[in-house]
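Report on the structure given below.
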Protein chains: 2
Amino acid sequence: MTTEIWISQLQENGYRITSARRAVVDTVYGSTHALTPIEVYDKARKKYRALGLVTVYRTLEKLEELHLIQRVHQPIGCQAFISAGIGHQHLLLCQNCGQVEFFDGDDLDSLTKNISRKTGYQIKEHWLQLFGLCVNCK
Amino acid sequence: MTTEIWISQLQENGYRITSARRAVVDTVYGSTHALTPIEVYDKARKKYRALGLVTVYRTLEKLEELHLIQRVHQPIGCQAFISAGIGHQHLLLCQNCGQVEFFDGDDLDSLTKNISRKTGYQIKEHWLQLFGLCVNCK
DNA sequence: ATATTATTGAAAATCGTTTTCAATAAGTAT
DNA sequence: ATACTTATTGAAAACGATTTTCAATAATAT
Ligand SMILES: [Mn+2]
Ligand SMILES: [Mn+2]
Ligand SMILES: [Zn+2]
Ligand SMILES: [Zn+2]
(Lines give C-alpha, C1' and ligand atoms only; values in the text may rest on other atoms or scores of the structure.)
(Ligands and ions follow the chains in the order given, each with its own letter.)
Protein backbone atom coordinates (compact mmCIF):
# COMPACT_ATOMS: atom_id res chain seq x y z
CA MET A 1 0.00 0.00 0.00
CA THR A 2 2.24 2.78 -1.24
CA THR A 3 -0.31 5.24 -2.53
CA GLU A 4 1.06 7.28 0.38
CA ILE A 5 4.05 8.07 -1.82
CA TRP A 6 1.82 9.99 -4.19
CA ILE A 7 -0.11 11.55 -1.33
CA SER A 8 3.04 12.90 0.26
CA GLN A 9 4.32 14.09 -3.10
CA LEU A 10 1.15 16.13 -3.47
CA GLN A 11 1.50 17.38 0.09
CA GLU A 12 5.14 18.35 -0.32
CA ASN A 13 4.21 20.36 -3.36
CA GLY A 14 1.74 22.43 -1.41
CA TYR A 15 -1.43 20.63 -2.44
CA ARG A 16 -4.02 19.76 0.20
CA ILE A 17 -5.02 16.19 0.79
CA THR A 18 -8.72 15.67 0.28
CA SER A 19 -11.09 12.72 0.02
CA ALA A 20 -11.52 13.46 -3.67
CA ARG A 21 -7.80 13.34 -4.34
CA ARG A 22 -7.37 10.19 -2.27
CA ALA A 23 -10.05 8.47 -4.34
CA VAL A 24 -8.35 9.41 -7.61
CA VAL A 25 -4.91 8.42 -6.35
CA ASP A 26 -6.21 5.10 -5.02
CA THR A 27 -7.76 4.41 -8.41
CA VAL A 28 -4.86 5.31 -10.67
CA TYR A 29 -1.96 4.18 -8.54
CA GLY A 30 -1.27 0.54 -9.19
CA SER A 31 -3.69 0.16 -12.09
CA THR A 32 -2.33 -2.27 -14.66
CA HIS A 33 -4.40 -0.58 -17.37
CA ALA A 34 -4.26 2.94 -18.71
CA LEU A 35 -7.39 4.80 -17.61
CA THR A 36 -9.24 7.68 -19.24
CA PRO A 37 -10.66 10.51 -17.10
CA ILE A 38 -14.15 9.00 -17.31
CA GLU A 39 -12.87 5.58 -16.35
CA VAL A 40 -11.07 7.07 -13.37
CA TYR A 41 -14.26 8.91 -12.47
CA ASP A 42 -16.41 5.76 -12.59
CA LYS A 43 -13.97 3.68 -10.58
CA ALA A 44 -13.13 6.38 -8.04
CA ARG A 45 -16.78 7.19 -7.41
CA LYS A 46 -17.21 3.70 -5.97
CA LYS A 47 -14.86 4.83 -3.22
CA TYR A 48 -16.11 8.40 -2.92
CA ARG A 49 -19.57 8.98 -4.34
CA ALA A 50 -19.56 12.77 -4.20
CA LEU A 51 -16.54 13.00 -6.50
CA GLY A 52 -16.93 15.30 -9.48
CA LEU A 53 -15.51 14.66 -12.94
CA VAL A 54 -13.92 18.10 -12.89
CA THR A 55 -11.84 17.11 -9.90
CA VAL A 56 -10.65 14.02 -11.71
CA TYR A 57 -9.34 16.21 -14.54
CA ARG A 58 -7.71 18.58 -12.09
CA THR A 59 -6.08 15.82 -10.07
CA LEU A 60 -4.78 13.99 -13.14
CA GLU A 61 -3.32 17.30 -14.28
CA LYS A 62 -1.40 17.63 -11.03
CA LEU A 63 -0.23 14.03 -10.99
CA GLU A 64 1.06 14.43 -14.52
CA GLU A 65 2.79 17.68 -13.62
CA LEU A 66 4.57 15.86 -10.77
CA HIS A 67 5.48 13.06 -13.23
CA LEU A 68 3.62 10.51 -11.14
CA ILE A 69 1.47 9.51 -14.10
CA GLN A 70 1.99 9.67 -17.85
CA ARG A 71 -0.24 9.86 -20.88
CA VAL A 72 -0.52 6.73 -23.00
CA HIS A 73 -0.80 7.12 -26.75
CA GLN A 74 -2.65 4.39 -28.60
CA PRO A 75 -4.24 3.91 -32.02
CA ILE A 76 -7.68 4.19 -30.41
CA GLY A 77 -6.89 7.38 -28.52
CA CYS A 78 -4.44 9.34 -26.43
CA GLN A 79 -6.44 10.36 -23.36
CA ALA A 80 -5.49 7.52 -21.02
CA PHE A 81 -3.08 7.71 -18.12
CA ILE A 82 -0.92 5.18 -16.33
CA SER A 83 1.29 5.27 -13.29
CA ALA A 84 4.66 6.56 -14.52
CA GLY A 85 7.69 4.32 -14.45
CA ILE A 86 10.89 5.34 -12.71
CA GLY A 87 13.69 6.72 -14.85
CA HIS A 88 13.87 6.13 -18.60
CA GLN A 89 11.37 3.46 -19.51
CA HIS A 90 9.04 2.44 -22.28
CA LEU A 91 5.63 0.88 -22.54
CA LEU A 92 4.49 -2.49 -23.75
CA LEU A 93 0.75 -2.74 -24.32
CA CYS A 94 -1.53 -5.73 -24.77
CA GLN A 95 -3.65 -5.17 -27.86
CA ASN A 96 -6.35 -7.43 -26.48
CA CYS A 97 -6.87 -6.57 -22.81
CA GLY A 98 -5.04 -3.26 -22.57
CA GLN A 99 -2.60 -4.34 -19.89
CA VAL A 100 0.44 -2.13 -19.64
CA GLU A 101 3.98 -3.15 -18.74
CA PHE A 102 7.18 -1.21 -18.57
CA PHE A 103 10.51 -2.21 -19.96
CA ASP A 104 13.91 -0.61 -20.06
CA GLY A 105 17.28 -1.54 -21.44
CA ASP A 106 16.58 -0.39 -24.98
CA ASP A 107 19.77 0.67 -26.65
CA LEU A 108 19.03 3.03 -29.49
CA ASP A 109 22.39 4.79 -29.49
CA SER A 110 23.74 3.26 -32.69
CA LEU A 111 20.36 3.78 -34.35
CA THR A 112 20.12 7.44 -33.40
CA LYS A 113 23.73 8.04 -34.43
CA ASN A 114 22.95 6.55 -37.82
CA ILE A 115 19.83 8.60 -38.34
CA SER A 116 21.61 11.69 -37.11
CA ARG A 117 24.34 11.21 -39.68
CA LYS A 118 21.93 10.48 -42.51
CA THR A 119 19.50 13.31 -41.81
CA GLY A 120 21.62 15.97 -40.15
CA TYR A 121 19.19 16.11 -37.24
CA GLN A 122 20.41 16.56 -33.70
CA ILE A 123 18.35 13.91 -31.90
CA LYS A 124 17.14 14.82 -28.43
CA GLU A 125 14.46 12.33 -27.48
CA HIS A 126 12.72 9.19 -28.54
CA TRP A 127 9.36 7.55 -28.07
CA LEU A 128 9.26 3.79 -28.25
CA GLN A 129 6.20 1.70 -27.60
CA LEU A 130 5.65 -1.98 -28.19
CA PHE A 131 2.30 -3.61 -28.84
CA GLY A 132 1.44 -7.28 -28.58
CA LEU A 133 -0.38 -9.93 -26.61
CA CYS A 134 0.20 -10.47 -22.92
CA VAL A 135 0.71 -13.85 -21.32
CA ASN A 136 -2.99 -14.28 -20.64
CA CYS A 137 -4.20 -13.14 -24.04
CA LYS A 138 -1.83 -14.84 -26.45
CA MET B 1 3.46 16.61 -59.32
CA THR B 2 2.25 13.23 -58.15
CA THR B 3 -0.85 14.19 -56.22
CA GLU B 4 -2.48 12.23 -59.03
CA ILE B 5 -1.41 9.08 -57.23
CA TRP B 6 -3.72 9.94 -54.36
CA ILE B 7 -6.46 11.09 -56.71
CA SER B 8 -6.43 7.79 -58.57
CA GLN B 9 -6.31 5.87 -55.30
CA LEU B 10 -9.48 7.63 -54.26
CA GLN B 11 -11.03 6.99 -57.65
CA GLU B 12 -10.11 3.29 -57.65
CA ASN B 13 -11.78 2.93 -54.30
CA GLY B 14 -15.05 4.26 -55.61
CA TYR B 15 -14.76 7.82 -54.37
CA ARG B 16 -15.64 10.68 -56.68
CA ILE B 17 -13.11 13.32 -57.57
CA THR B 18 -14.28 16.76 -56.57
CA SER B 19 -12.76 20.22 -56.32
CA ALA B 20 -12.97 20.01 -52.53
CA ARG B 21 -11.04 16.74 -52.43
CA ARG B 22 -8.45 18.03 -54.88
CA ALA B 23 -7.82 21.04 -52.69
CA VAL B 24 -7.31 18.87 -49.60
CA VAL B 25 -5.08 16.42 -51.45
CA ASP B 26 -3.01 19.24 -52.95
CA THR B 27 -2.54 20.69 -49.48
CA VAL B 28 -1.60 17.57 -47.56
CA TYR B 29 0.37 15.72 -50.20
CA GLY B 30 3.98 16.81 -50.07
CA SER B 31 3.69 18.90 -46.92
CA THR B 32 6.86 18.68 -44.85
CA HIS B 33 4.88 19.48 -41.70
CA ALA B 34 2.09 17.60 -40.00
CA LEU B 35 -1.15 19.52 -40.43
CA THR B 36 -4.25 19.66 -38.24
CA PRO B 37 -7.73 19.72 -39.82
CA ILE B 38 -7.99 23.48 -39.29
CA GLU B 39 -4.57 24.06 -40.80
CA VAL B 40 -5.55 21.99 -43.82
CA TYR B 41 -8.78 23.97 -44.03
CA ASP B 42 -7.02 27.34 -43.97
CA LYS B 43 -4.42 26.34 -46.54
CA ALA B 44 -6.81 24.50 -48.84
CA ARG B 45 -9.30 27.36 -48.86
CA LYS B 46 -6.71 29.47 -50.62
CA LYS B 47 -7.08 27.07 -53.53
CA TYR B 48 -10.81 26.48 -53.22
CA ARG B 49 -12.67 29.14 -51.27
CA ALA B 50 -16.00 27.34 -50.97
CA LEU B 51 -14.42 24.43 -49.11
CA GLY B 52 -16.10 23.44 -45.84
CA LEU B 53 -14.28 22.28 -42.74
CA VAL B 54 -16.55 19.24 -42.61
CA THR B 55 -15.25 18.11 -45.95
CA VAL B 56 -11.69 18.41 -44.69
CA TYR B 57 -12.51 16.02 -41.86
CA ARG B 58 -14.25 13.63 -44.22
CA THR B 59 -11.43 13.66 -46.76
CA LEU B 60 -8.71 13.17 -44.14
CA GLU B 61 -10.72 10.23 -42.85
CA LYS B 62 -10.68 8.62 -46.28
CA LEU B 63 -7.01 9.32 -46.92
CA GLU B 64 -6.16 7.74 -43.58
CA GLU B 65 -8.35 4.74 -44.34
CA LEU B 66 -6.41 4.27 -47.60
CA HIS B 67 -3.14 4.60 -45.67
CA LEU B 68 -2.13 7.62 -47.73
CA ILE B 69 -1.76 9.78 -44.63
CA GLN B 70 -1.02 8.95 -41.01
CA ARG B 71 -1.69 10.59 -37.68
CA VAL B 72 1.28 12.16 -35.93
CA HIS B 73 1.46 11.88 -32.14
CA GLN B 74 3.29 14.66 -30.34
CA PRO B 75 3.53 16.01 -26.79
CA ILE B 76 1.43 19.01 -27.80
CA GLY B 77 -1.30 16.95 -29.46
CA CYS B 78 -2.22 14.07 -31.69
CA GLN B 79 -4.55 15.63 -34.27
CA ALA B 80 -2.06 16.32 -37.04
CA PHE B 81 -1.61 14.34 -40.23
CA ILE B 82 1.28 13.78 -42.58
CA SER B 83 1.71 12.01 -45.88
CA ALA B 84 2.36 8.36 -45.04
CA GLY B 85 5.71 6.84 -45.90
CA ILE B 86 6.01 3.76 -48.02
CA GLY B 87 6.51 0.46 -46.25
CA HIS B 88 7.74 0.26 -42.67
CA GLN B 89 9.04 3.65 -41.63
CA HIS B 90 9.30 5.92 -38.64
CA LEU B 91 9.12 9.62 -38.02
CA LEU B 92 11.72 12.13 -37.00
CA LEU B 93 10.31 15.46 -35.88
CA CYS B 94 11.93 18.84 -35.40
CA GLN B 95 10.97 20.16 -31.97
CA ASN B 96 11.46 23.71 -33.15
CA CYS B 97 9.88 24.09 -36.57
CA GLY B 98 7.79 20.93 -36.75
CA GLN B 99 9.42 19.56 -39.87
CA VAL B 100 8.85 15.85 -40.36
CA GLU B 101 11.25 13.34 -41.90
CA PHE B 102 11.00 9.63 -42.39
CA PHE B 103 13.63 7.07 -41.65
CA ASP B 104 13.83 3.33 -41.92
CA GLY B 105 16.44 0.71 -41.20
CA ASP B 106 15.73 0.48 -37.50
CA ASP B 107 16.57 -2.99 -36.26
CA LEU B 108 14.61 -3.73 -33.12
CA ASP B 109 14.64 -7.51 -33.50
CA SER B 110 17.08 -8.26 -30.72
CA LEU B 111 15.34 -5.75 -28.49
CA THR B 112 11.88 -7.19 -29.04
CA LYS B 113 13.18 -10.74 -28.57
CA ASN B 114 14.67 -9.69 -25.26
CA ILE B 115 11.51 -8.00 -24.05
CA SER B 116 9.46 -10.91 -25.28
CA ARG B 117 11.53 -13.33 -23.24
CA LYS B 118 11.48 -11.17 -20.14
CA THR B 119 7.77 -10.34 -20.18
CA GLY B 120 6.18 -13.28 -21.92
CA TYR B 121 4.49 -10.93 -24.38
CA GLN B 122 4.12 -11.86 -28.02
CA ILE B 123 5.19 -8.62 -29.66
CA LYS B 124 3.30 -7.65 -32.80
CA GLU B 125 4.08 -4.01 -33.52
CA HIS B 126 6.16 -1.08 -32.46
CA TRP B 127 5.97 2.67 -32.53
CA LEU B 128 9.22 4.54 -32.70
CA GLN B 129 9.51 8.28 -33.05
CA LEU B 130 12.54 10.47 -32.76
CA PHE B 131 12.54 14.13 -31.76
CA GLY B 132 15.28 16.66 -32.27
CA LEU B 133 16.42 19.68 -34.18
CA CYS B 134 16.54 19.76 -37.95
CA VAL B 135 19.47 21.06 -39.96
CA ASN B 136 18.01 24.56 -40.10
CA CYS B 137 17.05 24.77 -36.44
CA LYS B 138 20.02 23.31 -34.62
C1' DA C 1 -29.07 14.75 -72.16
C1' DT C 2 -30.91 12.20 -68.28
C1' DA C 3 -30.87 9.63 -64.19
C1' DT C 4 -28.69 8.13 -60.17
C1' DT C 5 -26.61 8.92 -56.08
C1' DA C 6 -22.24 10.35 -53.69
C1' DT C 7 -20.74 14.60 -52.07
C1' DT C 8 -21.26 19.09 -50.50
C1' DG C 9 -21.44 23.05 -46.91
C1' DA C 10 -24.42 25.17 -43.32
C1' DA C 11 -26.47 24.45 -39.20
C1' DA C 12 -27.38 21.77 -35.30
C1' DA C 13 -25.99 18.32 -32.24
C1' DT C 14 -22.67 16.04 -29.60
C1' DC C 15 -18.56 15.00 -27.07
C1' DG C 16 -14.71 15.85 -24.10
C1' DT C 17 -12.62 19.36 -21.58
C1' DT C 18 -12.19 23.92 -19.28
C1' DT C 19 -13.89 27.94 -16.86
C1' DT C 20 -16.74 30.23 -13.52
C1' DC C 21 -18.46 30.61 -9.02
C1' DA C 22 -20.36 30.23 -4.48
C1' DA C 23 -20.08 26.71 -0.82
C1' DT C 24 -17.07 23.79 1.68
C1' DA C 25 -13.35 21.81 4.03
C1' DA C 26 -8.07 21.50 4.73
C1' DG C 27 -4.42 23.38 6.97
C1' DT C 28 -2.73 26.91 10.25
C1' DA C 29 -2.79 29.96 13.99
C1' DT C 30 -4.91 30.99 18.31
C1' DA D 1 -10.93 22.79 20.66
C1' DT D 2 -12.08 27.35 17.84
C1' DA D 3 -11.50 30.63 14.62
C1' DC D 4 -9.27 32.11 10.36
C1' DT D 5 -7.48 31.87 5.77
C1' DT D 6 -7.71 30.21 1.45
C1' DA D 7 -7.21 26.01 -1.61
C1' DT D 8 -10.44 22.85 -3.21
C1' DT D 9 -14.82 21.31 -4.36
C1' DG D 10 -18.89 20.03 -7.55
C1' DA D 11 -22.65 22.06 -10.41
C1' DA D 12 -23.53 24.64 -14.14
C1' DA D 13 -22.17 27.16 -17.99
C1' DA D 14 -18.95 27.87 -21.62
C1' DC D 15 -15.95 26.23 -24.87
C1' DG D 16 -13.63 24.03 -28.89
C1' DA D 17 -13.23 20.21 -31.74
C1' DT D 18 -15.58 16.77 -34.16
C1' DT D 19 -19.82 14.45 -35.92
C1' DT D 20 -24.50 14.24 -37.61
C1' DT D 21 -28.38 15.88 -40.20
C1' DC D 22 -30.26 17.51 -44.33
C1' DA D 23 -31.58 19.64 -48.57
C1' DA D 24 -28.99 21.34 -52.61
C1' DT D 25 -25.46 20.25 -55.86
C1' DA D 26 -22.35 18.07 -58.89
C1' DA D 27 -19.84 13.69 -60.40
C1' DT D 28 -20.35 9.68 -62.86
C1' DA D 29 -22.84 6.06 -65.55
C1' DT D 30 -26.31 5.25 -68.97
MN1 LIG E 1 14.61 4.53 -24.62
MN1 LIG F 1 10.50 -0.11 -37.01
ZN1 LIG G 1 -3.78 -9.02 -22.54
ZN1 LIG H 1 13.36 22.64 -37.53
Side-chain angles (χ1 to χ4, degrees), chain A residues 3-4 6-28 34-66 69 71-81, chain B residues 3-4 6-28 34-66 69 71-81:
Chain A
T3 66
E4 289 307 316
W6 287 15
I7 296 294
S8 52
Q9 280 288 322
L10 286 167
Q11 211 157 29
E12 284 164 27
N13 284 83
Y15 296 119
R16 295 183 181 175
I17 304 310
T18 66
S19 308
R21 283 180 181 160
R22 278 189 192 281
V24 172
V25 165
D26 285 356
T27 302
V28 179
L35 301 173
T36 62
I38 290 276
E39 286 168 345
V40 173
Y41 176 65
D42 288 338
K43 282 178 187 284
R45 250 164 56 90
K46 297 195 170 122
K47 299 168 183 175
Y48 180 62
R49 264 248 103 71
L51 179 66
L53 177 57
V54 199
T55 302
V56 172
Y57 276 98
R58 293 192 275 225
T59 305
L60 290 175
E61 196 175 66
K62 284 165 184 63
L63 292 174
E64 191 181 23
E65 170 200 320
L66 298 176
I69 61 173
R71 189 177 293 272
V72 176
H73 298 259
Q74 284 180 270
I76 46 161
C78 307
Q79 301 77 32
F81 293 88
Chain B
T3 66
E4 289 306 317
W6 288 13
I7 296 293
S8 52
Q9 281 288 323
L10 285 167
Q11 210 158 29
E12 285 165 27
N13 284 83
Y15 296 119
R16 293 182 182 177
I17 305 310
T18 66
S19 308
R21 284 179 180 160
R22 277 189 194 280
V24 172
V25 164
D26 285 356
T27 301
V28 179
L35 301 173
T36 62
I38 292 275
E39 286 168 346
V40 173
Y41 176 66
D42 288 338
K43 282 179 187 283
R45 251 162 56 89
K46 296 196 172 121
K47 299 169 183 173
Y48 180 62
R49 264 248 105 69
L51 179 66
L53 178 56
V54 200
T55 302
V56 173
Y57 277 97
R58 293 192 275 226
T59 306
L60 290 175
E61 195 175 66
K62 283 164 184 63
L63 292 174
E64 191 182 23
E65 169 200 321
L66 298 176
I69 62 173
R71 189 177 293 271
V72 176
H73 298 259
Q74 284 180 273
I76 46 161
C78 306
Q79 301 77 32
F81 292 89

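A, B, ... follow the sequence lines: proteins, then strands. Residue 1 opens every chain.
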Rounded to the nearest Å, what distance is computed from the [atom1] atom of residue [X] to the [atom2] atom of nucleotide [N]?
{"X": "A:E61", "N": "D:dT8", "atom1": "CD", "atom2": "P", "value": "12 Å"}
{"X": "A:L10", "N": "D:dT9", "atom1": "CG", "atom2": "C1'", "value": "16 Å"}
{"X": "B:Q79", "N": "C:dG16", "atom1": "CD", "atom2": "P", "value": "15 Å"}
{"X": "A:L60", "N": "C:dG16", "atom1": "CG", "atom2": "P", "value": "15 Å"}
{"X": "A:K62", "N": "D:dT8", "atom1": "NZ", "atom2": "C1'", "value": "9 Å"}
{"X": "A:Y57", "N": "C:dT20", "atom1": "OH", "atom2": "C1'", "value": "17 Å"}
{"X": "A:L63", "N": "D:dT8", "atom1": "CG", "atom2": "P", "value": "13 Å"}
{"X": "A:N13", "N": "D:dA7", "atom1": "CG", "atom2": "C1'", "value": "15 Å"}

Please pick, from [options], the nucleotide with the shortest atom-to-atom distance to any side-chain atom of [X].
{"X": "B:T18", "options": "C:dT5, C:dT8, D:dT20", "answer": "C:dT8"}
{"X": "A:R58", "options": "C:dA10, D:dA11, C:dG16", "answer": "D:dA11"}
{"X": "B:Q11", "options": "C:dT8, D:dT28, D:dT9", "answer": "D:dT28"}

Considering heavy-atom distances to DNA chain D, does A:V54 or B:I17 have its closest nucleotide positioned more toward the 5' end?
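Residue closer to the 5' terminus by nearest nucleotide: A:V54.
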Heavy-atom check, side chain of [X] versus side chain of [Y], under 4.5 Å:
{"X": "A:E4", "Y": "A:I7", "value": "yes"}
{"X": "A:V56", "Y": "A:I38", "value": "no"}
{"X": "A:I69", "Y": "A:W6", "value": "yes"}
{"X": "B:N13", "Y": "B:Q9", "value": "yes"}

Need one value for A:I38: base, sugar-phosphate or nothing, where a base atom within 4.0 Å counts as base even if backbone is also close, heavy atoms only.
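No contact.
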Over all strands shown, is B:R21 touching base, sugar-phosphate only, or nothing at heavy-atom distances under 4.0 angstrom?
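Result for B:R21 = sugar-phosphate.
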For B:R21 and B:R16, indicate whether the former's side chain and the latter's backbone hold a donor-acceptor pair under 3.5 Å.
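Indeed, once roles are kept as given, a pair shorter than 3.5 Å links the two residues.
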Assign each of A:Y15 and B:T59 to its nearest nucleotide of DNA chain C by heavy atoms, then name whichever residue's nucleotide is nearer the 5' end.
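In this pair, the answer is B:T59.
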Evaluate side-chain contact (heavy atoms from CB on, under 4.5 Å) for B:V40 paired with B:T59, printing each intermediate quantity in order.
CA-CA 11 Å; B:V40 173; B:T59 306; over 6 Å; no
Among B:V28, B:D26, B:T27, whose side chain to side chain contact (heavy atoms under 4.5 Å, CB included) with B:V24 holds?
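One option only clears the test, and that one is B:V28.
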Strand-adjacent residues in residues 40-51 of chain B, judged by heavy atoms under 4.0 Å from DNA chain C
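Those residues whose heavy atoms fall under 4.0 Å from DNA chain C, taken from residues 40-51 of chain B in numerical order, are B:Y48, B:A50, B:L51.
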With a 4.0 Å cutoff (strictly under), does any side-chain N or O of B:R16 reach OP1 or OP2 of D:dA29?
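It does not, given that no N or O in the side chain of B:R16 lies less than 4.0 Å from OP1 or OP2 of D:dA29.
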